[in-house]
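See below for the structure under consideration.
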Amino acid sequence: MSTPTIEMVASDFLYDSTEEALNELFAAPPAMEPHADARFDKGNDTIIIDGVQFYAKRVDYHRELDEKFVQWVMDSRQEYPVYGDPSSADGESLEVWAQSITDKYLGSPYLSGIDTDGYESFMPNGVKGQFFRYEDEMYVALWQQCYGYRARTRPMVFHVSCHESSYLLDDDKATAYCTECEDVVFDIESGGQHVKRIDRTGEEIDGAEEVSFDDLVANPVCPNCQSDLRVEAAQF
Ligand SMILES: [Zn+2]
């Protein structure tokens, strides 16, 4: 009698919804006020974006293609024993797989990927992503590199549902505003390297007093009425 083995099947590793996949990716989300997708992180003098809400507006979990990836990892275990377990698949296995199904890997030269450690980003650290094109549609695989208390995840395949793939790279942008004063709005770009006063229509206010990002996050209050400022992630 042989020892019974438990057969893994691809569906054991899949998710039922975008929300479920994103919650796995951001297992320890930053605490937010209800309905807020970003907040000031005064302890670290920065702004932090809720990754689940940010990506939910931009991508849809693509179970069918994700299953192809998981199945490929399982089928490849003979050649790459270390990759045989889908839950231990990493960015490298994603790259090999994506290149095997498309000749337009990376999409365009400037849309190569997401690496929230590699550039100024308001996203929690450790999020990695890779764009690829498949049958004329743009996809992105997202995964969590091990980072502190955040558990690593395998790359998960999402369809890019927003109009421009570049909207997924807007994790270095935010808007801070006063809820009392109509025209106190700060447009924040490049992870805080650029801050400008704009009005509600998005026009820059000429002659507005310059504000540094450091001052803004250290004391996020309205210069007119001293109310607390609110902050939100980039919209499109
Ligand atoms: Zn105000």
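One-based numbering, in listed order, for ligands and for the atoms of each. The chain is numbered in sequence order, starting from 1.
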Show every ring pair (Phe, Tyr, Trp, His ring centres under 6.0 Å) that has at least one partner inside residues 217-236, sequence neighbours left out.
Y167-F236
Could you please tell me which protein N, O or S atoms lie under 2.8 Å from the Zn ion (ligand 1)?
C178 SG, C181 SG, C222 SG, C225 SG
Before accepting this row, confirm whether a basic side-chain N of the pair K128/D90 lies closer than 4.0 Å to the acidic partner's carboxylate O.
no
Sorted by chain and residue number, the side-chain hydrogen bond (donor to acceptor under 3.5 Å, both in side chains) partners of S121 (sequence neighbours excluded) come out as D171
Applying side-chain hydrogen bond (donor to acceptor under 3.5 Å, both in side chains) to S87 and D85, what does each step give before you reach the verdict?
CA-CA 5 Å; S87 54; D85 176 3; 2.8 Å; yes
Side-chain ion pair, K173 and D187, N-O less than 4.0 Å
no
Can you name the side chain to side chain contact (heavy atoms under 4.5 Å, CB included) partners of E203, sequence neighbours left out?
D199, T201
